[in-house]
Each structure stands twice: as C-alpha cells, then as structure tokens.
Number of protein chains: 2
Amino acid sequence: MPRPARVSPDRILAAAALEFAERGFAGARVDRIARRARVNKAMIYYHFKSKQTLYRSLLRDLFTLVGNRLEQIASSDRPSAEKIDLTIAMFADMIQQHAAVPAIMLREVAERGAHLDPGTLTALTRVPRLVAAIVQEGVDAGAFRAVNPVFAHFTLFAPVLFYLAGAPIRKEITDLHLMNLSSATPNDFVQHMQETARRALARDVPARSTR
Amino acid sequence: MPRPARVSPDRILAAAALEFAERGFAGARVDRIARRARVNKAMIYYHFKSKQTLYRSLLRDLFTLVGNRLEQIASSDRPSAEKIDLTIAMFADMIQQHAAVPAIMLREVAERGAHLDPGTLTALTRVPRLVAAIVQEGVDAGAFRAVNPVFAHFTLFAPVLFYLAGAPIRKEITDLHLMNLSSATPNDFVQHMQETARRALARDVPARSTR
DNA sequence: GTCTATACTTCGATAGAC
DNA sequence: GTCTATCGAAGTATAGAC
C-alpha cells in the first residue's frame with residue numbers, strides 16, 4: 001500500500017478548513033488555500049474537482065467526525081444526564097481540536113445550506129438525530145421532563161457554538177474597553193452549559209413560587 | 001424639512017439587508033442590491049461611500065433597534081423573570097420583523113467582526129450589556145441563582161438566533177426525508193426557550209437526587 | 001439626484017510542459 | 001503528480017453626461 005499518497009489532499013483539507021472558516025465560501029480564495037497548504041493551485045483542482053467539491057469534502061469529513069464521537073456516547077450505558085454532559089464536553093473539545101468548525105457551521109446555517117449536497121446533509125443529520133435520541137431516551141426513562149428533543153438539541157449546541165466562535169469579536173470589544181467579555185475560559189462556559197442543561201432537562205419542578 | 005429625501009437610502013438599506021443576509025459580505029453583489037432596491041448602481045455609491053460603508057450603516061441601524069427595545073424592557077418595573085421572558089419574545093419578534101437579522105449576525109460572528117468599526121461595535125455592545133444588567137438585577141434581588149450574566153446572555157440568545165436562522169436548512173433536511181425537523185412553529189420554540197430560561201435561572205435547586 | 005459606459009482588478013479554472 | 005502561464009468571467013468602483 002502506497003501510504004504517503006494522501007499527504008497532499010490532507011494538507012489541502014486542513015488549509016481549506018482555515019480559509020473557509022475565516023472567509024466563508026464566497027470569500028475564500030483558492031490561491032490562498034494553495035499557499036497555506038504549500039501546494040500549487042493546480043494541485044487543488046487535480047485532487048478535488050472544484051472549489052465546491054473541496055468544500056463539500058471538508059464538511060462531510062467534519063460532520064462524520066462529530067457523528068462518530070456522538071455515536072460512541074449515545075451507545076454507551078451511562079445515565080442519560082451523564083450522556084448530555086459528555087455530549088456538551090465532546091462538542092466543546094471537538095471545537096478546540098478543529099478550531100474551524102464553529103465558524104463554518106455558523107456560516108453554513110446563514111447560507112441556508114446553499115453549498116450542501118444530499119450526501120453532506122446526510123452526514124450532518126446524524127448529529128441532531130443522535131442528540132435527540134439521547135434526550136428522548138432520558139424522557140422515556142423518566143429522568144428528563146417532557147421536552148421536544150429537537151428543541152433540546154438546539155438549546156444545548158447553539159450556545160457552545162456561538163460562544164466559542166464569538167471569542168475573537170468578544171476580544172475586540174474587550175480591547176476597545178466597551179465591555180469586559182473576555183475574562184472567562186472556554187471550560188468555564190462548558191460547565192455553565194452543563195449546569196444549565198441539567199436544570200433545563202430535570203424532571204422535577206425547580207421552584208414553587210413560580211405562579 | 002424636505003421629508004421624502006430618504007426614500008432612496010431606505011430602499012437601498014432594505015435591499016442590502018436581504019442581499020447581505022443571503023450571501024454575506026463577500027458574496028453580496030452591489031449590482032443585485034441595486035436591482036432589488038430598483039435604483040441605479042451608481043446611486044448606491046452616491047448615498048453610501050462603498051459596499052463596506054453600506055454594510056456598516058445597516059448593522060448599526062439594526063443593533064440600535066434591538067438595543068432600544070431592550071432598553072425599554074430593562075428599564076420597566078417588572079420582575080426580573082418577566083423581563084427575561086419579554087427579552088426572548090422581543091428578540092424572536094425582531095427576527096420575524098427583520099428576517100435578515102439572524103443570518104447577518106451569524107455571519108458577522110463567523111467573520112470575527114472583520115467588517116465592524118468601533119461605532120458599530122458600540123451599538124452592538126449595548127445588547128449584551130443590557131441583558132447582563134437584567135440578569136444581574138435578578139441575581140442581586142435573589143430571584144436568580146448566581147450565574148455569570150454574560151454566559152446567561154449567550155445561553156438565551158444563541159438558540160433563538162440559531163433555531164430561527166436554521167429554518168431553511170431544516171426544511172431541506174425534512175424535504176429530503178432525512179429527519180423531520182419542520183413540524184414545530186417559531187412560537188413553540190420561543191415558549192420552549194422561556195421555559196428553559198426560567199428553569200436555568202431559578203434560584204432553587206430543581207431535583208434533590210442530584211447528589 | 002440619476003443614468004450609461006467603462007476602467008481596473010480579482011478570481012476560478014484549465015492547458016500543456018515536465 | 002507537479003508546475004507555469006493564462007484565459008475568460010465577474011465584480012467594485014468611477015467618470016461624466018443629463
């Protein structure tokens with residue numbers, strides 16, 4: 001097996017992730033991706049058919065990665081509440097490892113999925129499907145209150161995505177002394193979200209003075 | 001006062017909101033904005049100096065609008081928990097009225113605030129500042145548990161933004177029969193978020209089996 | 001204030017040698 | 001598999017008449 005064959009495609013994908021995250025699909029420049037990957041621009045068109053094909057390959061790889069890790073958590077035999085904690089932590093960890101993920105996902109939602117083909121959408125859909133399954137399992141077992149599992153998925157993921165993606169803009173606001181938004185660590189926020197999720201999903205009513 | 005003078009700039013801003021929301025800053029085409037606003041392209045450069053100036057004017061107007069409505073809520077004499085409910089509902093309503101808002105905000109976060117000048121950032125910062133003030137007030141009054149007010153801001157807003165912005169991509173997933181993500185109404189989600197916020201912020205511990 | 005015409009630039013993509 | 005050179009299409013912005 002000629003092992004080193006994928007060195008070039010892999011470097012291109014890594015460079016593309018950074019470029020697409022920073023500039024979006026329309027703003028990304030194939031020239032820049034080539035420079036960042038230290039390959040010739042023509043090599044990109046040799047390995048991938050077009051800018052769009054490259055983009056789709058990248059997204060499918062990323063979604064598959066998240067889906068695989070989520071599947072491990074979902075199929076484990078831990079209590080539902082713990083699976084939620086693990087899911088939040090996994091997602092935050094994934095973002096630390098692949099810093100390009102949040103920006104790309106934010107952009108793709110804003111783009112209305114314009115660049116996604118059915119194959120990529122299928123890889124993407126595994127994520128809400130698995131999260132919803134974890135939540136539903138907890139509801140069925142009586143551990144969680146009766147929530148819409150899809151709603152729960154958005155409630156858990158969106159803040160993590162948004163908060164971690166927003167670090168640069170928060171830093172700018174902080175540097176301009178408009179407001180101090182940069183004193184907490186990513187891990188602080190993960191813990192906050194785990195606590196929030198626990199309370200939001202818990203079956204028992206929190207306060208009695210609700211009325 | 002020559003009142004009708006702003007007809008053209010206003011139409012341009014409205015058209016720009018749609019175009020920037022759909023395509024992002026890099027993907028937006030000044031030609032298309034001109035066509036959508038039914039003005040000549042040169043008029044855009046006459047009223048606004050450049051594509052970037054147009055974009056900034058638009059964002060500043062939008063942020064100011066949200067800030068003003070938020071200020072009304074914050075300065076009212078309602079209980080803190082009710083202010084949170086109103087904030088979530090107001091934000092969702094704002095998005096219904098100005099459908100371009102969520103996509104633009106998602107994109108701008110992903111862009112790391114690349115197109116924002118200090119003036120626009122100042123208008124933007126009013127929003128987290130006011131939300132944090134509402135939360136802090138509730139904490140001080142003993143109505144809320146001791147949460148980081150900035151974290152709370154992200155926990156409340158991000159899901160609404162993300163869910164409403166994600167409607168088109170969810171519809172595509174539903175249409176391809178990959179998963180049914182389109183059965184709920186926006187208002188269902190608002191109520192889910194209000195319930196979630198109430199539980200997440202409530203001072204009393206929900207369950208006793210937390211251990 | 002409004003329009004036409006166009007200068008200037010950038011970018012995606014390919015041809016073709018090695 | 002890798003490189004150089006370049007084509008052709010868009011796109012931002014402006015000049016200048018009305």
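Every chain is numbered from 1 and lettered A, B, ... according to where its sequence line falls, protein lines coming before strand lines.
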Just the rounded figure in Å: distance from [atom2] of [N] to [atom1] of [X].
X       : N      : atom1 : atom2 : result
A:Ile44 : C:dT14 : CD1   : P     : 13 Å
A:Met43 : D:dG1  : CE    : P     : 7 Å
B:Ile12 : C:dC3  : CD1   : C1'   : 14 Å
B:Phe48 : C:dT2  : CZ    : P     : 12 Å
B:Tyr46 : C:dT2  : OH    : P     : 8 Å

Beyond-backbone contact of A:Val160 with A:Val190, side-chain heavy atoms, under 4.5 angstrom: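 Heavy-atom side-chain distance check fails, nothing below 4.5 Å.
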N/O donor-acceptor pair under 3.5 Å between A:Glu19 side chain and A:Arg29 backbone: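 Such a contact is found between A:Glu19 side chain and A:Arg29 backbone.
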Between A:Phe48 and A:Tyr55, ring centroids under 6.0 Å: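 No, the ring centres sit 6.0 Å or more apart.
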Protein proximity profile, nucleotides 4-18 of chain D - base contact B, sugar-phosphate-only contact S, no contact -, cut-off 4.0 Å on heavy atoms: B------SBBB----
Salt-bridge contact B:Asp31-B:Arg35 (side-chain N to carboxylate O under 4.0 Å):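 Looking at B:Asp31 and B:Arg35, the cut-off is not met.
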D:dG1 phosphate, OP1 or OP2, under 4.0 Å from A:Ser8 side-chain N/O: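 No, because none of the side-chain N or O atoms of A:Ser8 sits under 4.0 Å from OP1 or OP2 of D:dG1.
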Shortest non-hydrogen contact from A:Ser57 toward A:Leu13: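 What the structure gives for the nearest pair is CB-CD2, 4.3 Å.
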B:Phe151 and A:His192 aromatic ring geometry - parallel, tilted or perpendicular at 30°/60° bounds: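 Tilted: the ring planes of A:His192 and B:Phe151 meet at 30° to 60°.
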